[in-house]
Amino acid sequence: MLGTMPARAAADRTRTGLTLVVGEEDLLVERAVSGAVAAARGGPEISVDPEISADPARAAGPASHVDAPAGVAGAEYGPPVHDVAAGELALGDLAELTAPSLFGGECVVVVRGAQDASKEVAGELTGLAADLPSDVTLVITHVGGVKGKALLVALTKQDARVVECPKITRLADRVAFVRGEFRRFGRTVDESGVRALLDAVGTDLRAVAAACSQLAADTEGTVTEAVVVRYYRGRADTTGFAVADRAVEGKLADALELLRWALAVGVAPVLITSALAQSVRLIGRVASAPRGSSDAELASEIGAPPWKIDVARRQARGWTPDGIARALAVVAEADAAVKGESASPGYALEQAIRVIVACRAR
Amino acid sequence: MRANGVFADLIGQGPVVAELESAATAAARIVRGQAAAGMSHAWLFTGPPGSGRSVAARAFAAALLCGEGGCDRCPSCHQVMAGTHADLMLVRPDGLSYGVKETRNLVLRAASTPSGGRWQVVLFTDADRATEHAANALLKAIEEPAPRTVWLLCAPSAEELLTTIRSRCRLVTLRTPPAREIAAALVARDGVDPQAAMAAARAAQGHVGRARRLATDPRAARRRDEVLAVPGRLTGLGPALAAAAALVKAVEAEAAAIADELDGSEQEALRRAFGEGSTGKGVAKAVRGSAGAIKDLEDRQKSRRTRLKRDAYDRALLDLAAFYRDVLAVQSGADVDLVSAGHEADVAKVAAGSSPETTVRRIESVMTCRERIAISVASLLALEEMTLALAAG
């Protein structure tokens with residue numbers, strides 16, 4: 001009996017059994033984990049349906065032993081999957097999970113949130129990773145960062161497949177993400193469609209992914225702005241920076257509209273004045289910098305990232321030193337107003353934006 | 001004209017010293033059970049910053065509690081000066097404000113009988129930081145205190161307190177001490193070179209503590225130089241923005257240095273009080289229980305940090321205003337001593353390059369900046385507005 005191991009166990013020896021998923025972007029982490037698990041169980045190595053993997057209970061939940069996680073294609077007969085949170089493991093739990101069973105066979109262990117592991121468990125985890133039994137597939141997630149860094153370093157030294165899932169913060173990355181999502185469903189999306197979708201749904205990646213899959217399911221052909229607007233209206237979120245950018249670019253109507261959205265979705269007025277101050281200040285510093293200084297030089301002198309300097313350079317066209325000085329004074333006035341000097345912060349901000357735009361035109 | 005005993009630290013306040021001394025004499029008669037006029041149960045010390053409000057109040061407290069009217073030699077006087085006297089309650093709001101809850105506690109404790117048999121003195125410095133609720137909670141206690149309780153409140157001006165508080169107190173107004181007397185005191189007490197003492201006294205504009213710091217702490221003098229170098233550098237948009245950024249950095253560094261010094265020792269003391277670092281049974285539990293207390297302390301420290309920052313900004317801005325005051329003096333040909341000692345060249349340059357109207361406008365913009373910072377406008381933004389206005393003229 002003992003000799004008749006399942007055929008698949010012997011077949012997969014070539015693959016490295018350790019996958020390390022590093023990063024904070026939950027959705028991507030979830031996909032990487034599902035992919036690794038599916039691969040280990042012999043399924044096709046594709047990510048699963050985002051709506052199913054978006055189940056938060058599984059992402060952050062306590063240790064649960066899932067024999068066949070939903071969404072992993074063709075997984076009914078694969079090896080068992082143990083999905084545990086590192087913070088809740090006790091010493092010895094890992095050994096128990098990975099101990100060979102009477103009938104042999106593979107198993108998959110997913111350890112989530114390795115940064116929360118206690119010292120003992122971290123040691124055990126490192127030991128396990130260094131000497132992984134041939135029939136165990138180990139998937140570890142770690143948010144990166146300072147907490148539990150020693151463990152991360154120790155794990156990276158092992159022969160592991162590392163998947164990086166950093167937080168998506170930049171607009172260009174988000175646009176690429178949306179395009180990628182539609183591509184997964186075999187669809188195309190145009191520039192305006194991406195923008196409309198991101199405006200309407202916001203920055204939460206899960207929400208964006210869900211919206212993409214919904215749109216892919218409900219519509220046909222290229223996804224354009226018209227298609228998106230039929231299903232998603234309004235604006236999920238906006239920031240003081242967006243308002244400030246419009247204002248210093250002289251787009252009065254856009255700026256006022258965005259301001260109303262910002263106030264409606266609960267952006268604090270002080271954040272808007274501080275964003276206005278930052279924008280005008282940066283333009284002032286860029287505009288008054290000696291000619292011919294490079295973005296990098298300016299960036300280190302002013303203490304702002306080079307891409308911001310680049311944006312400010314473009315925005316600086318149309319501004320005079322006098323206009324900048326007046327605009328900063330207006331922002332200071334508005335800051336005082338939103339901090340209690342005026343009865344209506346909304347009015348004070350609108351007024352400030354109008355004057356800023358007027359200062360630019362002069 | 002130096003007073004003796006505990007009042008010796010009060011510089012250039014002759015009439016006030018005389019008034020307080022006679023009140024202390026009357027108080028001594030009351031203690032002996034004799035009839036006397038001239039003592040009051042509540043006092044309000046006002047005067048410009050640095051003129052010695054709290055020094056006067058403390059000296060008066062010492063005089064009340066001392067058997068000889070403030071000899072500055074007996075244990076009682078030393079305890080008052082050290083702030084450890086049993087019958088002296090020192091209240092010094094070091095945060096942003098003083099709340100009603102603390103005030104109610106204070107009122108309760110103020111009603112106790114003095115253990116030394118003389119007076120129960122409550123010395124409330126910066127009483128203007130009491131919130132309106134807190135001030136209202138004080139009213140009753142100040143109007144009719146226990147027979148031997150004396151309230152000493154200090155505030156920059158009487159207008160900053162509720163009318164109802166003001167009317168219950170006897171007002172003591174300190175004047176701005178003349179630079180001459182401050183310099184003399186610096187020479188006599190701190191052994192400062194007479195010429196340097198005079199320069200520091202002028203620069204401090206009647207603020208005794210600041211004069212002493214300028215004369216004895218080279219860092220303070222350097223920071224002042226940094227601030228006073230600003231007007232000469234404001235040649236356009238770029239320099240104005242850079243100057244504001246540099247000013248913010250210098251001021252925040254100064255405030256942080258003071259705050260760090262205060263914070264560190266306090267946290268350590270509190271942790272030690274909860275048993276951290278010791279060993280033995282029950283220590284672990286006690287240390288765990290300290291989290292709440294440490295959080296409280298951190299909240300108070302944060303509030304104080306903001307206060308220190310605001311004070312540091314205020315000092316820098318007042319220096320700047322004084323610079324333009326000198327410019328105006330030069331422009332109008334007034335025969336007065338310049339405050340900005342050591343920066344006469346800058347003053348002359350700015351004075352020659354602008355009109356008196358511009359200077360007045362500039363002083364105004366410095367004052368606007370002070371107001372903005374007082375209502376928590378982002379400090380960099382407020383300073384930029386000011387430096388740009390100064391550059392524009």
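In what follows, chains carry the letters A, B, and so on, assigned in the order in which the sequence lines appear, proteins first and then strands, with residues in each chain numbered from 1. Here the structure is a predicted model, which means the values were calculated and not measured. Excluded from the calculations below are hydrogen atoms, water molecules and symmetry mates; all remaining heavy atoms, backbone and side chain alike, are included.
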Q) Salt bridge or not for B:R300 and B:D296, using N-O below 4.0 Å? A) no
Output side-chain donor-acceptor pairs under 3.5 Å for residues 370-393 of chain B, partner residues at least two apart or in another chain, one line each.
from	atom 1	to	atom 2	distance (Å)
B:R370	NE	B:D314	OD1	2.8
B:R370	NH2	B:D314	OD1	3.4
B:R370	NH2	B:D314	OD2	3.0
B:R372	NE	B:E385	OE1	2.9
B:R372	NH2	A:E333	OE1	3.2
B:R372	NH2	B:E385	OE2	3.1
B:S376	OG	B:R310	NH2	3.2
B:S379	OG	B:Y313	OH	3.4
B:E384	OE1	A:R281	NE	2.9
B:E384	OE1	A:R281	NH2	3.1
B:E384	OE2	A:R281	NE	2.6
B:T387	OG1	B:A240	O	3.1
B:T387	OG1	B:L383	O	3.2
B:T387	OG1	B:E384	O	3.1

Q. Pick from B:R223, B:R222, B:K249: which one makes a salt bridge (charged side-chain N to carboxylate O under 4.0 Å, His left out) with B:E254?
A. B:R223
Q | Heavy-atom donor-acceptor pair, B:D346 side chain to B:H343 backbone, under 3.5 Å | A | no
(Q) I need the contact set between residues 339-350 of chain A and chain B: heavy-atom distance under 4.5 Å, sorted by residue number. (A) A:K339, A:E341
(Q) Pairing donors with acceptors under 3.5 angstrom, does anything connect the side chains of B:Q331 and B:T359? (A) yes
(Q) Would you say B:R305 and B:Q301 are linked by a side-chain donor-acceptor pair, where the criterion is simply a distance under 3.5 Å? (A) no
Q | Side-chain H-bond candidate by donor/acceptor type, B:T46 with B:E159, under 3.5 Å | A | no
Q) What pairs of residues pass the side chain to side chain donor-acceptor pair (under 3.5 Å) test when at least one of them lies in residues 142-152 of chain A, not counting sequence neighbours? A) A:D116-A:K147
Q) Just by distance, do the side chain of B:T368 and the backbone of B:E364 share a donor-acceptor pair under 3.5 Å? A) yes
(Q) With a strict 4.5 Å heavy-atom criterion, list every residue of residues 297-313 of chain A that contacts chain B, or say none. (A) none
